[in-house]
Amino acid sequence: MARSGILPLVAALGLTPDAFAQLREGSVQAHYLHLDDARLGPASMSGFETGLRAWTPTFGAGFAVGADYLYTHYEYEGLPTRDRDLHRLAIPLEWASQGATSVTITAIPTVATSSNIFKDLFSRSTGDDFQLYARATLERAADEGWGWRLGAAYDDSFGDPKAYPIAAMTYAASSFALELGWPRASAHWRPNHAWRLGIEVEPAGARWHVVSDERDGADFDYTVEAWRAALTADWRFASQWGVAAQVGSEFDRHHDFEDDTGARIDVGAESTAFAAFALRFDF
């Protein structure tokens, strides 16, 4: 599906009559994720992520605005290339309705680029550093029992930006929630009000535009394809504060970029373990 294919769907869902706001809590979350060392073709690679994500509470007729910053660092051994420092900043703009069937539409202006461009964004960036992603879903959910979600998205979750369908069957009970679908699946159990335990599987691809000062400004796209499966634990230790931890595997990995000589590195990477920690404040 081309990028233009999602636009009629977004427009049609936006015309749903009698919609009213679905309230979103305001939140701020900081997180850190560590990727263990693993083979990258004939070489090896490790890395980490640090990020900060925030959402406003719902305002007006069902609108909310977010900010999602992610810094990704990759280290290599056995390749003629410097380590890569990659930055991503997304500003999602969301509109949501509520009712027996709810609609959510999100436009996601995104900048994703290398560190040398990001730190001097206003003077060095070009159109290649920016993307406009989008997501639209139609969902029927209940406090108890089965529900469903259908929609479409256009983003770089699978590496190169593309449009893809969203479909899931959901189930909710007082202490259990299940989502079986594409491209995400999860199951969560809540033994009490403070704790939630679960398992999650979802794509972890991304693409950045990189400008290499080592090669006199030569540029290329750094594209990652991957999936992550994790065991999760969330603990709300105060009325507005919570922490979360994940341990899992990043698998089905592929990296496509250029080294400092200009040679293309287009290779698979072996699966690797990861661990993540997050701190969240709701307001």
Side-chain angles (χ1 to χ4, degrees), residues 21-35 47-59 62-73 86-96 98 102 104 106-112 133 135 137 139 141 143 149 153 155 157 168 170 172-179 183-204 206 226-250 273-283:
Q22 181 180 16
L23 297 179
R24 174 189 279 277
E25 285 187 339
S27 63
V28 178
Q29 176 177 292
H31 92 272
Y32 173 84
L33 182 146
H34 174 78
L35 287 165
F48 66 85
E49 297 175 354
T50 59
L52 184 66
R53 179 178 301 159
W55 277 98
T56 68
T58 298
F59 62 89
F63 294 94
V65 179
D68 191 354
Y69 169 72
L70 185 66
Y71 164 58
T72 302
H73 176 81
L86 305 168
H87 298 261
R88 180 187 188 93
L89 176 63
I91 307 295
L93 311 172
E94 178 185 272
W95 175 83
Q98 71 173 14
S102 63
T104 302
T106 311
I108 314 168
T110 301
V111 54
Y133 298 137
R135 175 186 174 97
T137 58
E139 181 172 5
D143 293 336
R149 182 185 307 113
D155 60 37
S157 294
T170 61
S174 59
S175 61
F176 182 73
L178 179 67
E179 178 178 327
R184 184 179 188 277
S186 65
H188 293 104
W189 173 57
R190 190 181 294 277
N192 54 51
H193 176 72
W195 283 93
R196 189 183 71 158
L197 308 174
I199 183 170
E200 300 174 354
V201 181
E202 61 186 352
W227 286 80
R228 287 178 183 167
L231 299 174
T232 68
D234 298 78
W235 175 41
R236 182 171 288 274
F237 61 88
S239 60
Q240 294 177 286
W241 289 92
V243 294
Q246 292 186 340
V247 292
S249 173
E250 185 173 284
F274 72 86
F277 173 82
L279 176 65
R280 177 185 175 108
F281 175 73
D282 296 319
F283 58 90

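Annotation: the span from Arg228 atom CZ to Phe274 atom CZ amounts to 6.0 Å, rounded to 0.5 Å. Once rounded to the nearest 0.5 Å, the distance linking NE2 of His73 with OG1 of Thr50 reads 10.5 Å. To the nearest 0.5 Å, atoms CZ (Arg149) and CD (Glu139) are separated by 4.0 Å. The distance from atom CZ of Arg190 to atom CH2 of Trp195, rounded to the nearest 0.5 Å, is 12.0 Å. Atom CG of Leu178 is separated from atom CD1 of Ile199 by 11.0 Å, given to the nearest 0.5 angstrom. Summarising the geometry, atom NE2 belonging to His31 is positioned 12.5 Å from atom CG belonging to Leu279; distances are rounded to the nearest 0.5 Å.
In terms of heavy-atom proximity, Ser157 sits nearest to Pro203 at O-CB, 3.5 Å. Considering all non-hydrogen atoms of both residues, Pro92 and Ala67 come closest at CD-N, 4.1 Å. In terms of heavy-atom proximity, Pro57 sits nearest to Phe283 at CD-CE1, 3.7 Å. The two residues Ala90 and Thr110 make their nearest non-hydrogen contact at CB-OG1, 3.6 Å. Scanning both residues, Tyr133 and Asp155, for their nearest heavy atoms gives CD2-CA, 3.4 Å. Nearest approach of Thr58 to Ala64, heavy atoms of both residues: CA-CB, 4.5 Å.
The aromatic rings of His34 and Tyr32 lie parallel to each other, with less than 30° between the two planes, well short of the 60° mark. Classified by interplanar angle (parallel below 30°, tilted 30° to 60°, perpendicular above 60°), the ring pair Trp235/Phe237 is tilted.
A heavy-atom distance below 4.5 Å is not found between the side chains of Arg88 and Thr72. When side chains are defined from C-beta on, His87 counts as touching Tyr69, because their heavy atoms get closer than 4.5 Å.
No donor-acceptor distance shorter than 3.5 angstrom exists from the side chain of Thr104 to the backbone of Thr137, with no hydrogens or angles considered.
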task: Would you check, one step at a time, whether the test side chain to side chain contact (heavy atoms under 4.5 Å, CB included) holds for Leu93 with Phe63?
output: CA-CA 8 Å; Leu93 311 172; Phe63 294 94; over 6 Å; no
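Ring pair Phe281/Trp241: centre-to-centre distance below 6.0 Å.
The list of salt bridge (charged side-chain N to carboxylate O under 4.0 Å, His left out) pairs with a residue in residues 229-239, not counting sequence neighbours, reads Arg196-Asp234, Arg236-Asp282.
More than 12 heavy atoms of other shown residues, nucleotides or ligands fall within 6.0 angstrom of atom CG in Asn192.
Counted by atom type alone, His188 and Glu200 present one or more donor-acceptor pairs between their side chains at under 3.5 Å.
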